[in-house]
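Before any comments, here is the structure.
Side chains included, hydrogens not; waters and symmetry mates left out as well; all remaining heavy atoms used. The first residue of the sequence shown is numbered 1, and numbering continues consecutively from there.
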Amino acid sequence: MNFLAHIYLSGTDEGVIIGNFIADGIKGKRYLKYPEAIQKGILLHRAIDTFTDQHATVKQSTARLHQNYGHYSGVIVDILYDHYLAKNWSQYHEQPLSEFVQNFYALLRENFAVLPVRIQRMMPYMITDNWLESYASVAGISHILKQMNVRTKGVSKMNFAVIELEAYYEEFEAEFTSFFSELIIFSQQKLATL
């Protein structure tokens, strides 16, 4: 899953939210140097990634992209799934997406010192371009995919994946909806055990 889903699945504990958001940049046991709530968020993030990568429905979505994007297919599916979450946000959360996102950006600003340097550098772009809200539109996802392609120096060709998104829009959405209902339950159960 991508940024928005990880933040959403963190619940309401601010430390867990921060931990889940920064987890990709925290390798091995380095998570142990963080406060307990942030540790929980990092561990939750890892559990969500494992659950997602092994799930048959996600593999079905990924398979649709594999011929054109190889090992980048999983990254693309994560981004596409965030689109469906943002687009259908009111089905998952009572707070409007714009408020939820602005609260998250404020949380990042308040906790800037604890963020890994890579996240500190990325954060201004994320907030200025409002990545999380932009996920709700196909144009926004197209922009994100173009940025990701630039980061891979053009190797991933992810900028073209909007073609598959539009061609298989209903199929991806059905797969996301089915999978995400299971992921919500998994995440809640996992968080309760951390």
Quick check on side-chain contact (heavy atoms from CB on, under 4.5 Å): which of Val77, Val75, Ile76, Asp78 does Thr62 satisfy it with?
Val77

Using side-chain contact (heavy atoms from CB on, under 4.5 Å) as the criterion, point out the one residue from Lys146, His143, Gln147 that pairs with Asn159.
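Single side-chain contact (heavy atoms from CB on, under 4.5 Å) partner of Asn159 among Lys146, His143, Gln147: Lys146.
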
Just wondering, do Thr152 and Lys157 contact through their side chains at under 4.5 Å, heavy atoms?
no

Do Asn149 and Phe160 touch side chain to side chain, with heavy atoms closer than 4.5 Å?
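Answer no - side chains too far apart.
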
Evaluate Phe100 against Ile7 for side-chain contact (heavy atoms from CB on, under 4.5 Å), listing each step before the verdict.
CA-CA 10 Å; Phe100 180 88; Ile7 297 161; 3.7 Å; yes

[atom1] of [X] to [atom2] of [Y]: how many Å apart, nearest 0.5 Å?
X      : Y      : atom1 : atom2 : answer
Ile144 : Asp129 : CD1   : CG    : 7.5 Å
Leu4   : Glu133 : CG    : CD    : 10.0 Å
Ile141 : Trp131 : CD1   : CH2   : 12.0 Å
Ile18  : Leu107 : CD1   : CG    : 4.0 Å
Leu108 : Asn111 : CG    : CG    : 7.5 Å

Pair Tyr135, Leu97 - check side-chain contact (heavy atoms from CB on, under 4.5 Å), show working.
CA-CA 11 Å; Tyr135 291 162; Leu97 179 61; over 6 Å; no

Below 3.5 Å, can you tabulate the donor-acceptor pairs from side chains in residues 89-96 to any protein atom, sequence neighbours excluded?
{"unit_1": "Trp89", "atom_1": "NE1", "unit_2": "Gln95", "atom_2": "O", "d": "2.7"}
{"unit_1": "His93", "atom_1": "ND1", "unit_2": "Gln95", "atom_2": "N", "d": "3.0"}

side-chain hydrogen bond (donor to acceptor under 3.5 Å, both in side chains) partners of residues 39-53, not counting sequence neighbours, each pair once
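Matches after skipping sequence neighbours: His6-His45, His6-Asp49, Asn20-His45, Asp24-His45, His45-Asp49.
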
Pair listing, side-chain hydrogen bond (donor to acceptor under 3.5 Å, both in side chains) test, anchored in residues 165-175, at least two apart:
Gln60-Glu175, Ser61-Glu175, Arg64-Glu175, His83-Tyr169, Lys87-Glu173, Asn88-Glu173

Kindly indicate, with the supporting measurements, whether the criterion ring-ring contact (aromatic ring centres under 6.0 Å, His included) is fulfilled by Phe104 and Phe3.
CA-CA 11 Å; Phe104 173 69; Phe3 294 135; 8.5 Å; no

